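Worth saying up front: this structure is predicted, and the values here are computed from it rather than measured. Note on naming: letters A, B, ... go to the chains in the order of the sequence lines (proteins, then strands), and numbering restarts at 1 for each one.
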Amino acid sequence: MEGYDHTEIEKKWQARWKDADLYKTPDAVEGKENYYFLTEFPYPSGNLHVGHWYAFSVPDIFARYMRMRGYNVMYPIGFDAFGLPAENAAIQRGLNPRDWTFSNMEYMRNQLLSMGASFDWSREVITCTPEYYKWTQWLFIQLYNKGLVYRRETSANWCPKDKTVLANEQVVNGHCERCGSPVEKRMMPQWNIKITDYADRLIDDLAGLDWPKQIKDAQINWIGRSEGAEINFALTFTYKPEANDNRGPNGEKAQLSVFTTRPDTLFGATYLVLAPEHLWVTLATDDNHDVLENKDEVRAYIAAASKKSELERKENKEKTGVEVKGVVAINPANGQEIPIYVADYVLGGYGTGAIMAVPAHDERDFEFATKFNLPIVQVIEPTYYQTTEPGKIKEGEPFDHREAIIAIVKHWSEDKYMALKWKKVAWGTFITGGIEEGQTPEQAAQMEIEQETGYLHARPVKNFGVVHGKFYHVPKKTNRNAHAHVVYLELEDDEQKPVADEEKDMHELLWLTADELQKFLTPDTHIYGLKMLLGTAGIYTDAGTLANSGQFTRLESEEAQAKIVEFVGGKITKQYQLRDWGVSRQRYWGVPIPMVHCENCEYVPVGDEQLPVVLPEISDYLPTGDGKSPLAKATDWVNTTCPKCGGPAVRETDTLDTFVDSSWYFLRYADPKNTAEFASKEKLENWLPVDLYSGGSEHTTMHVLYSRFWHKAMFDMGLVNTPEPYLKRMNRGLIMGPDGQKMSKSKGNVIDPDEIVRQLGADTVRMYLAFIGPYNEVGAYPWNPGGTVGVRRFLERVIKLKVGGNEPLDSKTDAVLHQTIKKVGDDIGTLKLNTCVAALMTLLNTFEKLDTVPHDAYSTFVQLLAPFAPHLSDELWEKLGNDSSVHLVAWPQFDPAKLVADTVIVGVQINGKARGTVELAAGVTQEEALAAARSNENVAKWLEGKVEKRAVYVPGRIINIVVD
RNA sequence: GCCGAAGUGGCGGAAUGGUAGACGCGUUCGACUCAAAAUCGAAUGUCGCAAGACGUGAGGGUUCAAGUCCCUCCUUCGGCACCA
């Protein structure tokens with residue numbers, strides 16, 4: 001074939017595929033397994049960018065490969081067609097959002113066709129059509145009937161200047177995207193979906209999914225499950241003691257419930273903090289109650305806190321708060337009265353909106369307590385576990401306990417400290433020792449210093465308290481828990497008595513500076529001691545050993561938690577960072593929420609027979625100034641009758657979050673034209689769950705989580721068969737501009753795929769994108785114009801290969817061919833498409849060394865190339881004399897016997913260093929291989945005069961000869 | 001701060017514990033050409049004339065053999081973040 005007219009070839013084959021309906025996917029095919037390969041459907045923004053090519057043309061390689069492997073593959077496409085940009089276009093440019101959206105889709109459809117992707121267009125799903133959103137509404141109503149939808153005052157982003165609600169995407173750094181005013185939070189009644197009911201299942205069911213760990217972790221992190229306890233603190237009113245009849249401001253029992261993950265620190269709780277929004281605070285400061293001594297002051301604080309914008313809260317993290325005077329709480333662990341504060345570092349929406357503050361063991365409480373001069377009581381002593389040798393804890397063996405000291409001893413004249421270098425165990429420590437009966441830690445330290453070093457006059461300066469070290473005591477053959485008092489002493493002079501020889505044999509005495517000690521010390525307990533000395537220890541927030549905690553003192557955190565919760569009558573609970581899903585949007589271009597409000601019946605869902613609630617045409621898309629959707633202006637549409645009682649009623653005018661539309665679209669692909677159901681049971685069974693879902697990492701925690709929840713809710717209602725929608729999920733990487741920066745018009749680094757396709761062809765672009773890096777890993781790949789040239793050259797060289805008759809391939813070339821078949825198949829399977837392309841290039845390089853490539857070998861090559869360069873491959877396939885498309889041909893098989901050539905080149909190492917190579921016949925014995933290695937000139941040189949100690953031969957891989 | 005991923009030539013990136021840098025780009029030299037482009041051939045980790053030495057973020061360890069496994073640390077990127 002002469003030349004490479006990609007435009008001609010691509011046009012020709014795209015037309016032929018279309019005429020032949022080549023990619024229409026039957027619901028089922030006798031003898032073939034169905035494979036559902038899903039990619040996130042695009043938003044019809046108006047133009048395809050390189051990212052779209054990466055999202056759709058590269059996965060098409062996998063879809064085509066799976067078809068050639070004999071699967072009935074569904075690779076569908078559609079449009080996520082509701083959403084804000086259409087509405088903005090309407091407002092800014094006076095366009096109709098529907099027209100804008102549909103003309104964009106028309107344009108993008110042609111662009112998508114130019115990829116040569118094997119989409120089944122007969123299954124196209126468009127979320128903004130009534131045929132689709134009828135079922136979005138129907139499913140919403142099913143969730144409502146199931147009790148998973150509720151209406152509640154929820155905070156929304158409010159722009160005070162534009163007088164409108166803003167979507168999260170319209171808030172940029174806390175400011176309105178349009179006018180730049182600081183965004184406020186405003187409470188509005190909105191529809192919410194109880195995704196939190198599914199929080200545990202959304203975490204726990206991940207265990208059974210074949211997903212990358214990073215995606216699972218991101219979801220787990222986002223849901224944010226914490227296990228802890230709710231503990232009640234009884235209140236005593238001191239300003240109005242008559243309130244002490246055990247009644248709270250609203251008649252409830254006078255107590256406050258806090259959530260904590262650290263009930264083991266309860267004895268150290270020295271005050272309580274309530275969020276400004278906390279109900280108790282709201283009630284206690286309202287006009288009907290008078291139990292607080294400083295009601296006005298508290299009120300003023302609450303008002304100031306609510307005025308703080310999101311931005312101010314983020315920027316200014318300095319703790320603020322006010323004491324609630326006239327009432328105190330009782331710490332249920334020790335009966336002590338503790339003060340109550342209101343402070344906005346406690347969040348109203350999490351836990352009970354109230355915390356017990358343990359300033360000794362929590363950074364935030366410590367900061368607050370320091371600022372407000374509140375007591376700080378240490379109740380946890382640091383505890384360290386030796387996890388590496390020497391001294392690694394022996395699992396399952398009991399611990400003996402021992403009172404001990406760690407003595408930090410300063411030099412009499414220099415800024416240096418005593419350190420011991422241990423001879424048997426290669427440890428570096430301070431002076432350590434046990435405490436005898438009746439000794440103070442200081443006395444024990446002085447005694448130990450004298451014994452181990454001979455110094456007589458160490459003056460105790462400070463006791464830093466106890467640190468627990470748990471380790472395996474090698475000489476005593478037991479696990480030990482040393483309760484070590486860290487004592488700091490200073491030598492007054494260098495007067496010294498002789499040291500016993502057995503001490504000298506054990507360790508060497510060194511004088512080290514603090515810096516040197518940091519590198520020298522081995523056990524964590526000693527490093528902790530050094531940090532205490534230097535004042536860099538900070539507060540201890542980890543689990544440890546209890547102190548100052550009554551009968552629980554000396555227990556370890558884990559054990560103490562359950563016991564303390566039981567002791568004070570608390571309740572073990574879980575909390576989540578995940579919030580319920582607010583789905584109301586005060587927007588026009590979305591699915592109308594199918595609810596009607598009737599004065600008698602409250603909110604009633606629209607009856608099935610009235611679905612869909614069609615989005616009415618309106619002329620003014622501007623939102624109303626009071627935060628309602630523009631739909632509120634369509635009064636004819638708004639006024640309706642109640643589906644329940646037939647009385648006058650009004651429609652809900654908010655529309656649904658577009659994440660609702662995309663929570664079930666993949667189900668519709670199975671049965672896109674169904675008018676009686678969202679999809680038939682039978683067709684769902686054909687296709688669900690999705691075998692592999694490819695998408696962007698930005699959807700890991702939102703769309704993927706929402707749709708998993710939605711699917712589970714549907715599963716519980718018997719609407720789908722599986723509790724999870726996606727068997728596998730992968731996040732693709734990002735394509736950056738040639739400068740490595742994110743592509744943006746302002747940076748002028750945008751690559752227009754249409755332009756590149758015009759110049760180099762779709763096959764080149766597809767293959768280049770596959771070559772750029774592994775597809776199954778999240779990475780950022782700069783667009784490299786040179787790289788596209790390399791791929792284009794490759795395709796031109798493929799065309800130029802001279803095809804011969806059917807002479808057999810030589811063994812080496814045949815081995816490369818079969819290795820390539822294996823490699824390309826294996827690597828497409830794991831989406832490492834970059835190495836597939838490299839393997840094809842290697843095969844081409846090998847073929848180019850031949851005068852002519854045998855016809856069959858060339859055919860195989862074209863088959864391997866077919867998923868990557870579908871147009872050119874079909875063209876070459878036709879030129880080879882075939883009548884039907886290469887895309888209908890089965891994937892080539894490799895012959896395992898031919899993977900290895902007759903001879904292989906094996907590297908030879910001497911003492912692990914590469915010294916030469918030998919060519920060996922396949923299947924030689926170790927003796928033969930070694931003999932060949934020894935007789936190799938280079939190798940022999942290195943063996944001369946040396947004694948061989950050992951030889952390792954890994955067939956086909958390496959020979960390693962170990963010499964003296 | 002917490003969670004996750006990753007650090008390999010000038011660049012994108014390869015490497016079941018087995019000759020580090022496949023493949024491509026770029027660069028250099030050569031062929032073809034009046035010339036250039038395109039194409040083809042050769043070279044291309046660093047230092048060194050060479051023999052060789054050194055090389056996968058740093059430092060230790062395991063191994064006949066470590067980019068790969070283990071420990072400590074550093075850096076970059078992504079997500080979450082006053083979540084008790």
Side-chain angles (χ1 to χ4, degrees), chain A residues 212-222 224-226 228 258-262 265 269 273 275 313-314 317-319 343-347 349-358 361-365 367-368 387-389 519 541 575-579 697-698 700-701 731 734 736 738 740 768 771-774 777-791 793-794 796-797 800 823 832 834-845 848 905-918 941 949-963:
Chain A
K213 181 172 159 53
Q214 71 228 39
I215 301 181
K216 288 188 182 184
D217 283 350
Q219 292 215 344
I220 291 168
N221 214 339
W222 181 265
R225 178 162 65 190
S226 299
V258 305
F259 174 73
T260 178
T261 55
R262 292 296 300 278
T265 63
V273 188
R313 277 205 184 202
K314 265 184 193 155
K317 287 196 175 168
E318 168 105 10
K319 299 274 180 295
D344 66 3
Y345 82 91
V346 171
L347 306 174
Y350 183 79
T352 61
I355 62 149
M356 62 180 217
V358 185
H361 305 292
D362 181 282
E363 308 269 4
R364 298 149 301 179
D365 297 341
E367 195 190 324
F368 189 85
T387 55
T388 53
E389 299 293 352
K519 285 177 199 141
T541 57
Q575 290 292 333
Y576 307 91
Q577 281 173 243
L578 182 72
R579 300 295 144 83
S697 56
E698 70 275 22
T700 301
T701 46
N731 289 348
L734 287 172
M736 317 305 273
Y768 166 65
F771 192 42
I772 205 166
E777 285 174 22
V778 179
Y781 306 109
W783 178 276
N784 174 9
T788 57
V789 170
V791 171
R793 276 182 202 154
F794 164 76
E796 286 172 2
R797 282 158 57 201
K800 275 194 225 157
K823 173 85 178 158
K832 293 185 165 188
N834 53 331
T835 51
C836 294
V837 177
L840 290 170
M841 289 172 165
T842 304
L843 182 59
L844 175 68
N845 291 342
E848 279 177 336
I905 292 172
V906 174
V908 182
Q909 300 178 333
I910 306 296
N911 286 352
K913 295 217 179 242
R915 295 300 182 195
T917 59
V918 286
K941 187 169 69 184
K949 283 169 66 183
R950 183 177 171 183
V952 179
Y953 172 54
V954 182
R957 290 274 176 200
I958 199 84
I959 295 167
N960 188 13
I961 299 172
V962 185
V963 298

Ring pair (Phe, Tyr, Trp, His ring centres under 6.0 Å) partners for A:W783, two or more places apart
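In terms of ring pair (Phe, Tyr, Trp, His ring centres under 6.0 Å), with neighbours along the sequence ignored, A:W783 is linked to A:Y768.
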List in chain and number order the residues that pass ring pair (Phe, Tyr, Trp, His ring centres under 6.0 Å) with A:F794, two or more places apart in sequence or in another chain; answer none if no residue qualifies.
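Testing A:F794 for ring pair (Phe, Tyr, Trp, His ring centres under 6.0 Å), a comparison that skips the adjacent residues, returns none.
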Of all the choices, B:C64, B:C80, B:G18, which nucleotide is nearest to the side chain of A:Q909 once you look at every atom?
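Of B:C64, B:C80, B:G18, B:G18 is nearest to the side chain of A:Q909.
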Once you apply a heavy-atom cut-off of 4.0 Å, does [X] come out as touching a base, just sugar-phosphate, or nothing?
X	answer
A:V962	sugar-phosphate
A:T835	sugar-phosphate
A:I959	nothing
A:D365	nothing
A:D217	sugar-phosphate

Between B:U46 and B:A35, how far apart are the two P atoms, rounded to whole Å?
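It works out to 32 Å between them.
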Take atom P in B:G30 and the same atom in B:G13, then report the distance between them in whole Å.
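Result for the P pair: 33 Å, nearest Å.
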Within the structure, does a side-chain N or O atom of [X] lie under 4.0 Å from either OP1 or OP2 of [N]?
X	N	result
A:R950	B:C64	yes
A:N960	B:U63	no
A:Y345	B:A84	no
A:S226	B:A84	yes

Nearest-nucleotide wise, let me know which of A:W222 and A:Y350 is further upstream toward the 5' end of RNA chain B.
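Going by which nucleotide is closer to the 5' end, it is A:W222.
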Nearest heavy atom decides the nucleotide; on that basis, is A:V906 or A:P785 closer to the 5' end of RNA chain B?
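The 5'-side residue here is A:V906.
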Does A:K832 NZ have over 12 foreign heavy atoms under 6.0 Å away?
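Counting neighbours around NZ of A:K832, 12 or fewer heavy atoms of other residues, nucleotides or ligands fall under 6.0 Å, so no.
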Please list each protein N or O that sits under 3.5 Å from an N or O in nucleotides 11-13 of chain B, with the distance.
residue	atom	partner	partner atom	Å
B:G12	O2'	A:I772	O	2.9
B:G13	O3'	A:N834	ND2	3.2

Spell out protein contact along nucleotides 48-56 of chain B as letters: B when the base is contacted, S when just the sugar-phosphate is, - when no protein heavy atom is under 4.0 Å; keep the 5' to 3' order.
---SSSS--
Glycosidic conformation of B:G9, taking syn as within 90° of 0 and anti otherwise:
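Base orientation: syn.
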Classify the side chain of A:K319 versus the base of B:C82 as yes if they form a donor-acceptor pair under 3.5 Å and no if they do not.
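Yes, a donor-acceptor pair under 3.5 Å.
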Dump the pairs, protein N or O against N or O of nucleotides 37-44 of chain B, anything under 3.5 Å, distances to one decimal.
residue	atom	partner	partner atom	Å
B:U39	OP1	A:R793	NE	3.3

May I ask you to check whether A:D362 and A:T541 show a side-chain donor-acceptor distance below 3.5 Å?
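Distance-only check fails for A:D362 and A:T541.
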RNA chain B in dot-bracket, Watson-Crick or G-U pairs under 3.5 Å, [ ] crossing, | other strand?
(((((((..(((.....[....)))((((((.......))))))(((....)))..(((((..]....))))))))))))....
